[in-house]
Amino acid sequence: MLDIKLIRENPEAIRAGAEKKNEKCDIDLILQLDEQRRVIIRKVEALKAERNRVSGEIAKNKKTGNPAENAVAEMREVGKKIAVLDGDLRDVDAQLQIKLSWVPNMPHESAPVGKDEESNELVREWGEKPSFDFTPQAHWDLGEKLGIIDFKAAREVSGSGFYVLRGAGARLQRALISYMLDMHTDDGYEEVIVPHIVSSETMFGTGQLPKMADDMYHIESDDLWLIPTAEVPVTNLYKKQIIDEAQLPIHLVAHTPCFRREAGAAGKDTRGMIRVHQFDKVELVKIVHPENSYAALEDLVAQAEKVLQGLQLPYRVVNLATGDLSFASAKTYDLELWSAGVDRYLEISSISIFEDFQARRMGLRYRTADKKTVFPHTLNGSGVALARLIPAILENYQNADGSVTVPEVLRPYMKGAERIA
RNA sequence: GGAGAGGUGGCUGAGUGGUCGAAAGCGGCGGAUUGCUAAUCCGUUGUAGGGUAAUGCCCUACCCAGGGUUCGAAUCCCUGCCUCUCCGCCA
């Protein structure tokens, strides 16, 4: 959510920002509703002030036994006017809130301007792509031959877009989760376990609702939603709170499953576990002081990179173009992992700063020393997504005989196993 | 799921339909004082919206949420949500 005052004072900037993100929003209507709202407030509050004053007099007169019938009759009329205006105000305010909830966050000036991923900016590359003296296989072939990924069983159980890990495959995922959680908690992130099903209000807080409703699983009977990312429950842990400035920065890490309908992605990446309806992810969330939030973004990127560096996997860092940014994001870096079998980069982590957009939506504030309440900045980043990481490990660490070498840092978590064969 | 109780400011906890944004205590903040690791005393202490040049001032709203009754609601009525206790069910 953007501050209505900001929109009132800089309508052109907001319009331009939305345009850069390929988002539409009706700024003119918002300004009009905002003006209407304030006109009604001025009227109705003047009437309420009068009613309060006269009601006080009525009380006094009743006590001293003076007649008050005239005043009561008058106030009955004033009360009717107030009821009408209050109704108008509710309507206008509701309309305004809906329009406001559809205004995207402004892109940061350091996000490259462009309408789609073509304009993404390569920031840096790390590691070397592996070279093979044989033709590397894709993870779906490798995994099925090794008996560690079972797509057929997943289809039977749930339909397309799911996967089953077995044996060393399941073990590999658990090892990765432990490896990542250990790393992040060692670096000062607090581990949290959170609900995977959340309310509409919570989905609104981080900006998934209203825009992404069709991309998420909705449980109609209870009006609850399956989380598409741990960002949602973790950031909302502080919803509607005024926290102490001294509590900042807050660093959290959570492992959760993520559920995505992938409604608009029919036909894309249909093979393997690259685009699925459910996958696990380790997510990092930060709540920080506005003054150093962009430094916190760089730190968060480095934290996610550390996971890949530890695993010795080649990747590149990309600064997303404005048109590729999500609704709530001001700036996003993607980490893309090279995967030898599919011969392409896989987006494995997305690290974003939302400035105060999410905090304002969820009513999260902190109190300063001089007792002001301020919206902190929120950030999050995958650290990292398992359903992309496992394919990359299998493909990049594969051997000519179809076995897979276990990355060294994972061996302690795999009972010392050096290979999956 | 059934029965009962209840939801008041950072916390504890009062509150007869009118002078209650709300007693009191604790905590916090500011100050005074005492040489003894703290006590005592005084003051102050919520959030948001509107107006205004104004972090000041005025006004409005908020005692779980949403409706209603009334000139006037923390206080009465209805609905919902949540919490607690007991029973049932259950990993």
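Side chains included, hydrogens not; waters and symmetry mates left out as well; all remaining heavy atoms used. No experiment lies behind these values; they were computed from the predicted model shown. The chains referred to below are lettered A, B, ... by the order of the sequence lines, with proteins before strands, and numbering in each begins at 1.
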Watson-Crick or G-U wobble partner for [N], using a 3.5 Å limit on both distances?
| N | value |
| --- | --- |
| C76(B) | G68(B) |
| U44(B) | G28(B) |
| G88(B) | none |

Counting only side-chain heavy atoms from C-beta out, which of [options] sits nearest to [X]?
| X | options | result |
| --- | --- | --- |
| K48(A) | G49(B), A61(B), C71(B) | A61(B) |
| K62(A) | G49(B), G18(B), G51(B) | G18(B) |
| R367(A) | U47(B), U60(B), G50(B) | U47(B) |
| R38(A) | U60(B), G51(B), G67(B) | G51(B) |
| I58(A) | U60(B), C71(B), U47(B) | C71(B) |

Should R76(A) and V72(A) count as side-chain neighbours, where that means a heavy-atom distance under 4.5 Å?
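Counting from C-beta outward, R76(A) and V72(A) do come under 4.5 Å.
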Mind checking if A49(A) touches a base, just sugar-phosphate, or nothing, with heavy atoms under 4.0 Å?
sugar-phosphate
What is the nucleic acid contact for R360(A), judged by heavy atoms within less than 4.0 Å: base, sugar-phosphate only, or nothing?
nothing
Taking atom [atom1] in both [N] and [M], compute the distance separating them and give it to the nearest angstrom.
| N | M | atom1 | result |
| --- | --- | --- | --- |
| C42(B) | U33(B) | P | 16 Å |
| G17(B) | A74(B) | C1' | 10 Å |
| G7(B) | U12(B) | C1' | 15 Å |
| G51(B) | C84(B) | P | 43 Å |
| U45(B) | G50(B) | P | 24 Å |

Using a cut-off of strictly less than 4.0 Å, decide whether [X] has a side-chain nitrogen or oxygen near OP1 or OP2 of [N].
| X | N | value |
| --- | --- | --- |
| N52(A) | U60(B) | yes |
| T373(A) | G46(B) | no |
| R51(A) | C71(B) | no |
| R90(A) | G66(B) | no |
| R365(A) | A48(B) | yes |
| R42(A) | C59(B) | no |

Roughly how far apart are S382(A) OG and I351(A) CD1, rounded to 0.5 Å?
6.5 Å
Below 4.0 angstrom, N of the basic side chain to O of the carboxylate: do R15(A) and E12(A) qualify?
yes
Write down the distance between [atom1] ([X]) and [atom2] ([N]), rounded to a whole number of angstrom.
| X | N | atom1 | atom2 | answer |
| --- | --- | --- | --- | --- |
| K81(A) | C71(B) | NZ | P | 16 Å |
| K240(A) | C62(B) | NZ | C1' | 14 Å |
| I41(A) | G51(B) | CD1 | P | 8 Å |

Enumerate the residue pairs fulfilling ring pair (Phe, Tyr, Trp, His ring centres under 6.0 Å) with a member in residues 212-241 of chain A, sequence neighbours excluded, ordered by first and then second residue.
H218(A)-W225(A)
Give a yes/no verdict on a cation-pi contact between R361(A) and F204(A), requiring under 6.0 Å between NZ or CZ and the six-membered ring centre and an angle within 45° of the axis.
yes
Shortest non-hydrogen contact from I4(A) to L100(A)?
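Smallest interatomic distance, heavy atoms only, reads CD1-CD1, 4.2 Å.
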